[in-house]
Participant: 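Right, I'll just put the structure down here and ask away after.
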Amino acid sequence: VTAARPRLRRLAVAATRHAARVLPARRAQWAEAMRRELDYIEDDRAALRWALGCVVSSYRTRLAGLPRIPTVVGPASKLMRALSAVLRWAGRGPRVLARGSSFLARGSTWLLLALLAVLVGLRIADWRPFTLVRDNLFDGYQTAAPATPGSDRVVVIEIDEASLAALGRWPWSRAVMADLTRHLTAAGAIVGFDMVFAEPESRSPDADDRFAQAIAAGRVVLGQAFDAAGDAVLPPVAPIALRGPPASAQLPAFGGLVNPLPVLVEHAAGRGFFGLGELDPDGVVRHLPMLSRLSDRALPAADSVARRDRLIPGLALELARVARSADGIAVDATPFGISGIEVGGVTVPTGRSGEVWPNFSIASPRGLSVIGVLDGGAAPGSFAGSLAGKIAIVGGTAAGLHDLRQTPVGPMPGVFLIARTLNDMLSGTLLWRPAWSDLVEIALMIASGLVVIVAAGVAGRRFFVTLWLVMTAATFGASGALYRSYGLLIDPSASAIATTALVFAVLLISVARQDRPSVALVR
Amino acid sequence: MPRRPNISRQTRALLAAFLDQPQRWRHGYDLSKEIGLKSGTLYPLLMRLGEQDLLESRWQEAERPGLPPRHVYRLTPTGVALALDHAGSGAAVSGGRDGAMA
């Protein structure tokens, strides 16, 4: 403690020096008064407390004179004249304008408008700090509350450690997949495969035929993978119609597909890609593409593929179509981008690029081990008997299969991502980040920024800061309410960042100006 | 009847402290200890009272050698009148919220 005392005294002296620098020059004698009191305080800790209070005092005094200077002229005078007309009409003009500031008179409005324009530009360009805050906010919405139970319509059939131990290393013979498919079909499930069966079985030549027969006996959707050097593009099993303004360019493009064997394709009820699309910059999967399109530059034979056949559904969407026995898929577009996908009479809300946002606050679908399904069979009363009417998606969850993806709620096998997305699609619990959300957020950012700039000219200091706090709280509150009530993801943070930056700019300008001689300040 | 100026509790306590001995010059630290106001609240109040001609200040030579002159304060006649007007409604504010003249 003894060794620390001189340090405390030095800190106290440094703090009072800082306080003196912060105070306007015309208050120099007050700065000196506060500093000299230190010499009369014997206790070092008390001296430090005193000095820190002096710093607070200096800043309070600096900020106290913020917007108290009248006269509205200068480059934004039109804006102010319009405002004053409104205020006069409301009977409050003279009182409010009497407290107007010098910001507009001295060109600060242009500075603030320029700052707002830069921030809006960065938001439009999806500058990483904006998206980082937004992503974390949306993650927070989903992780803040405990998980709620979801529909059990979708079940994951896991290629897990126990199954690998019992059936041998991956990949298994198609004969095993045939058995699995038969068991699941017998239990009444629709089957999806989160994998692609691209090469013929070499160990047992008839295994592919057995698998094809099992597929033919059930309702099975096979997986496709993206690969620029892939096969010829197969047209989708069911036609995909685009409604509204041309929006296919918004869809993620692929260069080629790896398709299942023709003998399997022939008997499958559907096909869908299982790619997760472009990840967010932090590698977290927050949304999944529902549709993809063949890139115009992808294949030499691209021109020979009809334009409508260049759209490929995702595995979850194709499974939803098969589950609803729909003959086709319709994509709704607006001038802002894709707004939704209709399948089987139900419209799934999507983002601008046709992506959907699974609701990670809903509990994960159930998982069953492959070996459990094979051992349990479809006997009535067995667990497989509970699969009637369910959608069973087969995929790898064993650590050695390397299919773990980072999500807002932690690492998750890719097959569970597809399963929970499908579950949300079928039960209407998807989150929604509409195509127009960017427009709303940017408009909110501009509007709230202009309110701050105008308020800097006419409002008192307390009202100004209160207005900023209330606006920020209101936008966050509204965003949270929209999420809770409708699963709608509207980001308030861009607006909050802009207004906060503007408020600090106003305060800095105010502090800087107090150093200059000013008739208004003397007044 | 004209409305009395709206004065914060802290300001009333400060005025009351000056009013105890209106002619005595007071130091900032002593005032701070007496009425329980931190320097971060006390000095803005003193500055505002000074700007409104309610307070006068001067530099006072130190009683002990080696120490610098000290800034001291007392109410002007106008300040005394204001303090008398609010006498009885002030109280020590240790532990209370910061405030300022409105």
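Letters go in sequence order (proteins before strands), and every chain restarts at 1.
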Participant: Shortest non-hydrogen contact from Ser32(B) to Trp50(A)?
Facilitator: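 Taking Ser32(B) first and Trp50(A) second, the nearest heavy atoms are CB-CZ3, 3.6 Å.
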Participant: Let me confirm one number: the OG-CD distance from Ser57(B) to Gln29(A), rounded to the nearest 0.5 Å.
Facilitator: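 Spacing of OG (Ser57(B)) from CD (Gln29(A)) equals 5.0 Å.
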Participant: To the nearest 0.5 Å, what is the distance between CZ on Arg27(A) and OH on Tyr43(B)?
Facilitator: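 Here the interatomic distance stands at 13.5 Å.
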Participant: Once rounded to the nearest 0.5 Å, what's the spacing between atom CG of Leu52(A) and atom NZ of Lys38(B)?
Facilitator: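 With rounding to 0.5 Å, CG (Leu52(A)) is 11.0 Å from NZ (Lys38(B)).
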Participant: Side chains of Tyr40(A) and Pro68(B): closer than 4.5 Å at any heavy-atom pair?
Facilitator: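 Touching, per the 4.5 Å side-chain cut-off.
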Participant: State, to 0.1 Å, how close Asp39(A) and Leu67(B) come at their nearest heavy-atom pair, and which atoms those are.
Facilitator: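 What the structure gives for the nearest pair is O-CD2, 3.7 Å.
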Participant: Can you tell me how far CZ of Arg36(A) sits from CD of Gln60(B), rounded to the nearest 0.5 angstrom?
Facilitator: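 So the CD of Gln60(B) and the CZ of Arg36(A) are separated by 12.5 Å.
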Participant: Using a heavy-atom cutoff of under 4.5 Å, enumerate the residues of residues 19-29 of chain B that contact chain A, numbered in order, or state 'none'.
Facilitator: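 So the qualifying residues are His27(B), Gly28(B), Tyr29(B).
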Participant: Could you look at Ala19(A) and say if it's the side chain, the backbone, both or neither that has a heavy atom under 4.5 Å from chain B?
Facilitator: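 Neither the backbone nor the side chain of Ala19(A) comes within 4.5 Å of chain B.
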Participant: Are more than 12 heavy atoms from other residues, nucleotides or ligands located less than 6.0 Å from atom CD of Glu51(B)?
Facilitator: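 It does: Glu51(B) CD has more than 12 such atoms within range.
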Participant: What part of Arg49(A) gets within 4.5 angstrom of chain B, counting heavy atoms only: side chain, backbone, both, or neither?
Facilitator: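 Looking at Arg49(A), just its backbone touches chain B.
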Participant: Atom CZ of residue position Arg17(A) - does it have more than 12 heavy atoms of other residues, nucleotides or ligands inside 6.0 Å?
Facilitator: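 Counting neighbours around CZ of Arg17(A), 12 or fewer heavy atoms of other residues, nucleotides or ligands fall under 6.0 Å, so no.
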Participant: Please find the pair of heavy atoms, one from Cys54(A) and one from Ser39(B), that lie closest to each other, and give the distance.
Facilitator: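 The pair with the smallest heavy-atom distance is N-OG, 3.2 Å.
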Participant: Could you walk me through whether Glu32(A) and His71(B) pass side chain to side chain contact (heavy atoms under 4.5 Å, CB included), step by step?
Facilitator: CA-CA 8 Å; Glu32(A) 188 61 19; His71(B) 215 212; over 6 Å; no
